[in-house]
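This report refers to the structure that appears directly beneath it.
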Amino acid sequence: MLSACHGRIETQCATLRRLVPHLLVHGVDEEARAAATRVIRYFDTAARHHHADEEDDLFPALIESMAGSDAICLREVIDGLKVDHRALEACWRHLRGILERIAAGEQVSLVADDVEALAVRYERHIEREEKELLPMAARLLSDDDLARIGRAMRARRGIDEA
């Protein structure tokens, strides 16, 4: 579920990247307003849930499972990812205000550098999670731990147990 969320985050960042030239050519048309609304909805819900999935469920489970040399490496990875989360949230807050205005039909500019700041930061963050965190989780966590984390993730999203 965490990897799948990474793909959806990348899709939303791609939408933001396409929105910059779209606004220059078409202005704040219905397509731009709809795209802005979808991106806001995604980052206000699913992306926030994703960070909570990690910080409230995955990270504590990993710390609890630590052994030997994993402890130092794991703490460094987790601390770095938490710093990333705060920086991503700050980038999002800045963009969100602009997107709200676009969604409302206001003629405002979406600065490519601001979009790139979020998109590139997410790319690096996702790469680190995919290459370091998730393999470590697969190695260190039991099936019961993974099932418990999955239940918490589903509950956070209001998804019933299958």
- Task: Decide side chain to side chain contact (heavy atoms under 4.5 Å, CB included) for V115 and L95; before the verdict, give the C-alpha distance in whole Å, the side-chain angles of both, and the deciding distance to 0.1 Å.
- Result: CA-CA 7 Å; V115 169; L95 280 175; 4.2 Å; yes
- Message: Please determine whether side chain to side chain contact (heavy atoms under 4.5 Å, CB included) holds for the pair F43 and R48, giving the CA-CA distance in whole Å, both sets of side-chain angles, and the decisive distance to 0.1 Å.
- Response: CA-CA 6 Å; F43 279 104; R48 281 187 33 230; over 6 Å; no
- Task: Verify salt bridge (Lys or Arg N to Asp or Glu O under 4.0 Å) between D84 and R128, making sure each step is shown before the conclusion.
- Result: CA-CA 10 Å; D84 283 355; R128 187 166 190 203; 5.0 Å; no
- Mind running side chain to side chain contact (heavy atoms under 4.5 Å, CB included) on K82 and E54 for me, showing each step along the way? CA-CA 9 Å; K82 285 181 177 180; E54 293 171 347; over 6 Å; no
- Message: Does V28 form a side chain to side chain contact (heavy atoms under 4.5 Å, CB included) with E106? I'd like the steps, not just the answer.
- Response: CA-CA 7 Å; V28 180; E106 192 175 329; over 6 Å; no
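In summary, the aromatic rings of H125 and H6 are positioned with their centroids too far apart to meet the 6.0 Å limit.
Nearest heavy atom pair, residue G27 against residue Q107, reads CA-OE1, 3.9 Å. Closest heavy-atom contact between A32 and I102: O-CG2, 3.8 Å.
Under a 4.0 Å N-O distance rule, the pair D145/R148 qualifies as a salt bridge. Classification of R154 and D160 as a salt-bridged pair fails, no side-chain N sitting under 4.0 Å from a carboxylate O. In summary, R86 and E89 engage in a salt bridge, as defined by a charged side-chain N under 4.0 Å from a carboxylate O.
For R33, the CZ atom sits in a packed shell: over 12 heavy atoms of surrounding residues, nucleotides or ligands are nearer than 6.0 Å.
Of the N and O atoms on the side chains of E31 and H26, not one donor lies less than 3.5 Å from an acceptor on the other residue. For T15 and R18, the side-chain atoms include at least one donor-acceptor pair closer than 3.5 Å.
Two residues are said to be in side-chain contact when any heavy atoms from C-beta on lie closer than 4.5 Å; L141 and L58 meet this criterion. At a threshold of 4.5 Å between non-hydrogen side-chain atoms, the residues T11 and Y42 do not count as touching. At a threshold of 4.5 Å between non-hydrogen side-chain atoms, the residues M136 and I78 do not count as touching. In this structure, I40 and E100 have side chains that are in contact, with non-hydrogen atoms separated by less than 4.5 Å.
Judged as a side-chain hydrogen bond (donor to acceptor under 3.5 Å, both in side chains), and not counting sequence neighbours, the contacts of D29 are H22.
Exactly one of D53, D79, L81 qualifies for a side-chain contact (heavy atoms from CB on, under 4.5 Å) with F59. That residue is L81.
One finds the OG atom of S65 at 4.5 Å from the CG atom of L140 (value rounded to the nearest 0.5 Å). Atom CH2 of W92 is separated from atom NE2 of H51 by 12.0 Å, given to the nearest 0.5 angstrom.
Between the R17 side chain and the C13 main chain, no donor and acceptor come within less than 3.5 Å of each other.
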